[in-house]
Amino acid sequence: MTEFHHPATALIHGGIDRTPFGETSEAIFLTSGFVYDSAEQAEATFLGTASHYQYTRFGNPTITALERRLAILEGAEACRVTATGMAAVHGALLCQLKTGDRLVASRALFGSCHWIVSTLLPRYGIDIAFVDAADLEGWRRAFATPAAMVLLETPSNPMLDIVDLRAVSDLAHQAGALVVVDNVFATPLLQRPRDFGADIVVYSATKHIDGQGRVLGGAVLGAKQWVEEVLQPFLRNTGPALSPFNAWTLLKSLETLELRVRAACASAAILADTLALNPAVRRVWYPTRRDHPQQELAMRQMSAGGTLVTFEVHGGKEAAFRALNALRLVAISNNLGDARSLVTHPATTTHMRIGAEERARLGITDGTIRLSVGLEDVRDLQADLAQALAAASSTRAAA
Ligand SMILES: Cc1ncc(COP(=O)(O)O)c(C=O)c1O
């Protein structure tokens, strides 16, 4: 696919396989099955000696176009898409792991990923070791014992911790582990984990890939042999297939991914600086800001800081709730990566179930707020955040 030298081009042209009608944009094959010209062709297809679509749970032309486009973008040999991001994470782990295996995981994981690692996998006799994202010594200790896989997220949700992808991948490989990276916050445009040694990359396509809050989706990318021989049989037989309609929606969204992500990143960097100057704000986390403890590492791995900004307000939960409730433009939602700016209070929503002790360990306080920056004019976002933070602190002063 040498004609795609730059991501913006691949995002528009990648993966298209036109029908004889010569349609300009991708067709939707909204069909559950496919017919055969003969019984012999059906037999040959099932034997694997003929190539033909069989059933949309196994594959579908619209879904294949999305998988091809994502693989080109990621620089990966192969991709399979799934109905949700969690189906992608769960499929990538469960297709590989077996009883007696050991999984090393970053402690800073999205809530449902944390549940899979801490609750589901141990039920099947898989040993788990958690490591703090930024603790290289901790990673080194964890990989002193052989492991089958490692799951990590960088930047992490919501504290934007950065994992050193090169160092952790090298340690993991010495311990015999495959490295799985949840790259949702960075997107394939800002960071390609496989360039730093990771083996498998997973996405919630629900986030920036759709980017307009319409459909759920997921993706797993890796080496062709692993995808075809290990992942594909698991997906084909367990059935977390993406709807062809959702695949078509995601293909359409990919055409604007670069424009959307770059615009939201530019606004996020401005808002991080604006928030840091607001007297109601105690602290701001943004990967490329000078006060981020891992700024240098973030800039080595990522081409921009991302579309999420995390900040802590003075006054804990009450002040955080007052600020959220005073917002007029930015909506309260646990989703992210949308064209609309969204704000969430992790301690009472996305990270409620992990408990206060684990939250404290991750640095999530009752005043922590996660802002997913959208595509509105940044001046309107600045004004909305300023008035909400002023309302929150003036109510506090009056109380
Ligand atoms: C980092 C991360 N990984 C995985 C997921 C799961 O994706 P989905 O909601 O599409 O299942 C999410 C969000 O929900 C997420 O933020």
Side-chain angles (χ1 to χ4, degrees), residues 66 70 74 79-94 105-121 133 150-163 165 179-188 190-191 193 198 200-221 235 238-243 246-247 249-250 253-254 257 261 264 268 285 287 302 306-310 332-338 342-346 349-354 362 364 368-374:
L66 175 62
L70 287 171
E74 192 73 38
C79 171
R80 289 294 178 274
V81 291
T82 53
T84 66
M86 284 322 303
V89 173
H90 165 256
L93 299 179
L94 264 287
S106 174
R107 190 176 298 280
L109 288 179
F110 169 65
S112 294
C113 299
H114 199 280
W115 182 86
I116 287 182
V117 172
S118 60
T119 306
L120 184 68
L121 295 182
V150 51
L151 174 66
L152 61 93
E153 196 183 301
T154 180
S156 70
N157 179 8
M159 298 314 296
L160 308 179
D161 288 326
I162 310 292
V163 177
L165 287 169
V179 179
V180 185
V181 177
D182 184 337
N183 203 35
V184 164
F185 273 37
T187 83
L190 306 185
Q191 171 175 279
I200 296 151
V201 183
V202 292
Y203 288 100
S204 165
T206 316
K207 308 297 186 289
H208 304 86
I209 291 175
D210 174 61
Q212 288 153 83
R214 303 285 192 267
V215 301
L216 301 177
V220 185
L221 297 110
L235 298 181
T238 58
L242 182 69
S243 150
N246 289 0
T249 309
L250 294 170
S253 296
L254 280 177
L257 181 71
V261 168
W285 285 261
M302 298 169 70
T307 67
L308 287 118
V309 181
T310 298
I332 303 169
S333 169
N334 47 286
N335 200 13
L336 61 95
D338 197 310
L342 303 171
V343 79
T344 195
H345 183 249
T349 60
T350 51
H351 290 70
M352 181 177 64
R353 285 183 205 285
I354 63 171
L362 292 173
I364 303 168
T368 302
I369 295 175
R370 186 193 74 191
L371 171 66
S372 168
V373 179

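Just so you know, ligand 1 is whichever comes first in the structure, and atom 1 is the first atom listed for that ligand. Residue numbers run from 1 in the order of the sequence given. Quick caveat: nothing in here was measured; it's all calculated off a predicted structure.
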query: Quick one: which ligand 1 atoms are inside 4.0 Å of a heavy atom on G85?
result: 7 (O), 8 (P), 10 (O), 11 (O)
field: E153/S106 under side-chain contact (heavy atoms from CB on, under 4.5 Å): CA gap, chis, key distance, verdict
entry: CA-CA 7 Å; E153 196 183 301; S106 174; 5.8 Å; no
task: Start with the C-alpha distance between T368 and W285, add both sets of side-chain angles, then the distance that settles side-chain contact (heavy atoms from CB on, under 4.5 Å), and finish with yes or no.
output: CA-CA 10 Å; T368 302; W285 285 261; 5.5 Å; no
statement: closest protein heavy atom to atom 14 (O) of ligand 1 is K207 NZ, 2.8 Å
- line: Only one of T350, T310, N157 passes side-chain hydrogen bond (donor to acceptor under 3.5 Å, both in side chains) with R370, and that residue is N157
- request: Report the nearest protein non-hydrogen atom to atom 10 (O) of ligand 1: residue, atom name, distance rounded to 0.1 Å.
  value: T206 OG1, 2.6 Å
- prompt: Among protein heavy atoms, which lies nearest atom 15 (C) of ligand 1, and at what distance?
  reply: F110 CG, 3.7 Å
field: Gap between atom OG of S118 and atom CZ of R107 - 0.5 Å precision
entry: 10.5 Å
field: Inter-residue atom distance T238.OG1 - H90.NE2, 0.5 Å rounding
entry: 7.5 Å
message: Measuring from atom CG of L250 to atom OG1 of T206, what distance do you get when rounded to the nearest 0.5 angstrom?
response: 8.0 Å
task: Say whether E153, considering both its backbone and side-chain N or O atoms, lies within less than 3.5 Å of an N or O atom on ligand 1.
output: no
- prompt: In terms of atom number and element, which parts of ligand 1 are under 4.0 angstrom from non-hydrogen atoms of T84?
  reply: 10 (O), 11 (O)
message: Please check this pair: side chain of Q191 against backbone of T154, looking for a donor-acceptor N/O pair closer than 3.5 Å.
response: yes
- prompt: Mind checking whether L216 has an N or O less than 3.5 Å away from an N or O of ligand 1?
  reply: no
- request: Give, for atom OG of S204 and atom CE of M86, the distance between the pair rounded to the nearest 0.5 Å.
  value: 9.0 Å
- prompt: Can you list the ligand 1 atoms lying under 4.0 Å from a non-hydrogen atom of M86?
  reply: 6 (C), 7 (O), 8 (P), 11 (O)
task: Identify, by atom number and element, the atoms of ligand 1 in contact range of N157, meaning under 4.0 Å from any of its heavy atoms.
output: 16 (O)
- prompt: Nearest to atom 3 (N) of ligand 1, what protein heavy atom do you find, and at what distance?
  reply: D182 OD2, 2.7 Å
- request: Determine whether any heavy atom of V89 lies closer than 4.0 Å to an atom of ligand 1.
  value: no
- prompt: Between C113 and ligand 1, is there a nitrogen or oxygen pair with a distance under 3.5 Å?
  reply: no
